[in-house]
Amino acid sequence: MGLRELKAERTRREILDAALALYEANGYDATTMEQIAEAAFVSPSTLYRYFPTKERTLLGHPVLGRAGLGSMLLERPADESLPDALGHALHDFLTDLDADRDTLLRVRSQMDKVPLIRALVWDSWYQGHAELEAAVAQRIGDERDSLLVRVSAGITLMVAQMALDESRRDDAAQPSATEYADRIMQLLGRGTAPLVTLPATSA
């Protein structure tokens with residue numbers, strides 16, 4: 001990364017840190033873009049160049065992850081089985097999120113307080129779901145709307161959501177999202193978890 005890119009990244013992070021501190025102190029709705037610019041020691045025009053809308057100061061935060069599950073799955077070795085590839089992709093995805101767990105929890109706490117951002121998060125989650133389905137389909141050479149593809153993507157995202165929700169509990173001893181997801185995958189892999197089944201019909 002060149003000097004210009006490093007300076008831009010530093011400016012971006014200073015803006016994000018200033019915005020998050022203001023949201024925590026004054027509330028999201030009460031904070032203006034002008035106040036964020038002043039706190040970050042940048043001009044309003046510079047702020048808008050990095051973040052065209054206030055929502056992006058939360059939704060665009062790097063602690064929310066830089067790559068989606070779909071792209072991570074496609075980067076896995078071609079000779080891995082689908083379950084192994086999904087497991088490794090999920091582990092890497094959550095490890096990325098856990099890298100700055102404290103900041104992640106602070107950002108998600110602010111996001112939860114803003115209805116518009118909560119709606120945008122769900123839109124982003126559904127987009128990520130579609131991208132994962134497409135990646136699964138590409139990996140196994142199946143149609144994206146096949147049941148196997150949809151179930152594989154759905155279970156993977158269910159584990160991710162459970163792990164992320166569990167990691168947000170107010171408990172210092174709470175495991176990270178990665179650790180929690182790994183435990184779930186171990187239960188599923190051993191067949192210990194009681195998955196729903198269709199009862200056999202009598203002859």
Full working for salt bridge (charged side-chain N to carboxylate O under 4.0 Å, His left out) between D17 and R13: CA-CA 6 Å; D17 289 344; R13 190 56 191 248; 3.2 Å; yes
Any donor-acceptor pair under 3.5 Å from D98 side chain to T178 backbone: yes
List for me each residue that meets side chain to side chain donor-acceptor pair (under 3.5 Å) alongside Q138, sequence neighbours excluded, and say none if there are none. none
Within this structure, what is the CD-CE distance for the pair E75 and M72, rounded to the nearest 0.5 Å? 7.0 Å
I need the Y23 OH to L58 CG distance, nearest 0.5 Å. 5.5 Å
Straight-line distance of M158 CE to I184 CD1, nearest 0.5 Å: 7.0 Å
For F93, give me all partners under ring-ring contact (aromatic ring centres under 6.0 Å, His included), at least two apart in sequence or on another chain. none
Is the shortest heavy-atom distance from the side chain of D182 to the side chain of H91 under 4.5 Å? yes
State whether the number of non-hydrogen atoms from other residues, nucleotides or ligands found under 6.0 Å of E34 atom CD is greater than 12. yes
Return the minimal non-hydrogen interatomic distance between D29 and K54, and the atom names on each side. O-NZ, 3.9 Å
For R4, I'd like to know if atom CZ has over 12 heavy atoms of other residues, nucleotides or ligands within 6.0 Å. no
Is it the case that over 12 heavy atoms from other parts of the model lie below 6.0 angstrom from the CD atom of E55? yes
Point-to-point distance, once rounded to the nearest 0.5 Å, from CD of E133 to OG1 of T156: 10.5 Å
Linking I/L/V/M/F/W/Y whenever any side-chain heavy atoms sit under 4.5 Å apart, do L90 and L74 land together? no
Can you check whether P62 reaches R12 side chain to side chain, under 4.5 Å on heavy atoms? no
So that I can tick it off, tell me whether R106 and D102 are bridged by a salt bridge, with the cut-off set at under 4.0 angstrom between side-chain N and carboxylate O. no
Spacing of S124 atom OG and I117 atom CD1 [to the nearest 0.5 Å]: 12.0 Å
Looking at R150, I'd like to know if its CZ atom is crowded, meaning that more than 12 non-hydrogen atoms belonging to other residues, nucleotides or ligands lie closer than 6.0 Å. no
Do R56's NZ or CZ and the ring of Y50 fall within the cation-pi criteria of under 6.0 Å and 45°? no
From S167 atom OG to L97 atom CG, the distance as rounded to the nearest 0.5 Å: 8.5 Å
